[in-house]
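Please read the structure below before turning to the comments.
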Amino acid sequence: MLSQNFLADPAAVGNIVRAARPGPDDLVVEVGAGRGDLTRALAAVAGRVVAYEVDPALAADLAVACRPLANVTCRIEDFLQARPPRRPFALAGNIPWAMTAAVVDWCLAAPTLTAATLLTQWEYARKRTGGYGRWSRLTVLTWPSFEWRLAGRVHRTAFRPVPRVDAGVLRLERRTRPLLAAPALPAYERLVEIGFTGVGGSLYGSLRRHHPTGRLDAAFRALRLDRATVVADVWPEQWLALFRLLHTSTRRH
């Protein structure tokens, strides 16, 4: 087993299903299905569930648990090596926490993914959703296309074996209308990458090396951003506004 902590609380399973919000016509891909507790709950409300479990021993239990469910397909393979479905799909899972970054990267790269509902370490979920008033590079970088939201907390005693920390329900949703047009995304991503280099000790200091001082000063004044503001304290919405100010100014000059 991949150091996975299994949900033993039916109420917690129900909370994840409610956060995922699958419908009778929806395809749901489950990662880290284990013995099938979450799988069965998803199958009760989703149109079809494809459950991945890489551990052969767990997969055998999963197959037995899901045998009566005609809308469930069990796959004994590494989810990270799987291709996304061709049709739109949602993803859900109580994943091994050591795999969190890899699973999130897979989700962001899947062109047909509509949403992902993942049980992660509490600190990871808070970090990615601005829970401490600070925002991570990955969240800001993908914000035009994806909304990151904290959808709940699961106490550590809901798991077996009991981990040292609580879990967070991380909800990642692809926006039906992106906040930036596709041609603008490379320039936005470059702005974010430059801002998060840490060169200069502040967001202003990092961007000053790539933008004329007067233009940058005007943008910071318009957003009421102090020039000493550290990069993690800048909200995703402020990043978008900063990009529009600088990008529009660049195109006019």
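In what follows, every heavy atom counts, from backbone to side chain, and hydrogens, waters and symmetry copies are set aside.
The backbone N or O of Val199 lies less than 3.5 Å from a partner atom in the side chain of Ser206, making a donor-acceptor pair. In this structure, the side chain of Ser145 does not engage the main chain of Thr142 through any donor-acceptor pair within 3.5 Å. Judged purely by atom type and a 3.5 angstrom limit, Gln238 uses its side chain to pair as donor or acceptor with the backbone of Trp235. Put simply, the side chain of Arg134 never gets that close to the backbone of Gly131: no donor and acceptor are under 3.5 Å apart. The backbone N or O of Trp135 sits nowhere less than 3.5 Å from a side-chain atom of Thr139 that would complete a donor-acceptor pair. Between the side chain of Arg160 and the backbone N or O of Ala8, no donor-acceptor pair lies under 3.5 Å. The backbone N or O of Ala59 sits nowhere less than 3.5 Å from a side-chain atom of Arg35 that would complete a donor-acceptor pair.
A side chain to side chain donor-acceptor pair (under 3.5 Å) check over residues 181-196, counting only residues at least two apart or in different chains, returns the pairs Arg137-Glu193. Screening residues 111-121 for side chain to side chain donor-acceptor pair (under 3.5 Å), with sequence neighbours left out, gives Thr117-Arg171. A ring-ring contact (aromatic ring centres under 6.0 Å, His included) check over residues 29-56, counting only residues at least two apart or in different chains, returns the pairs Tyr52-Phe79.
Note that the CG atom of Leu191 and the NE2 atom of His247 stand 11.0 Å from one another [nearest 0.5 Å].
Shown here for Met99 and Leu80, the closest heavy-atom pair between the two residues is CE-CD1, 3.9 Å. Taking all atoms of both residues into account, the shortest heavy-atom contact from Leu42 to Pro22 is CD2-CG, 4.3 Å. Nearest heavy-atom pair across Trp148 and Leu138 is CH2-CD2, 3.8 Å.
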- Item | Pair Asp37-Asn94, side chain to side chain contact (heavy atoms under 4.5 Å, CB included): steps then yes or no | CA-CA 10 Å; Asp37 292 328; Asn94 172 29; over 6 Å; no
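A salt bridge links Arg21 with Glu173: at least one charged nitrogen is closer than 4.0 Å to a carboxylate oxygen.
For Tyr204 and Phe220, the ring centers sit closer than 6.0 Å to each other.
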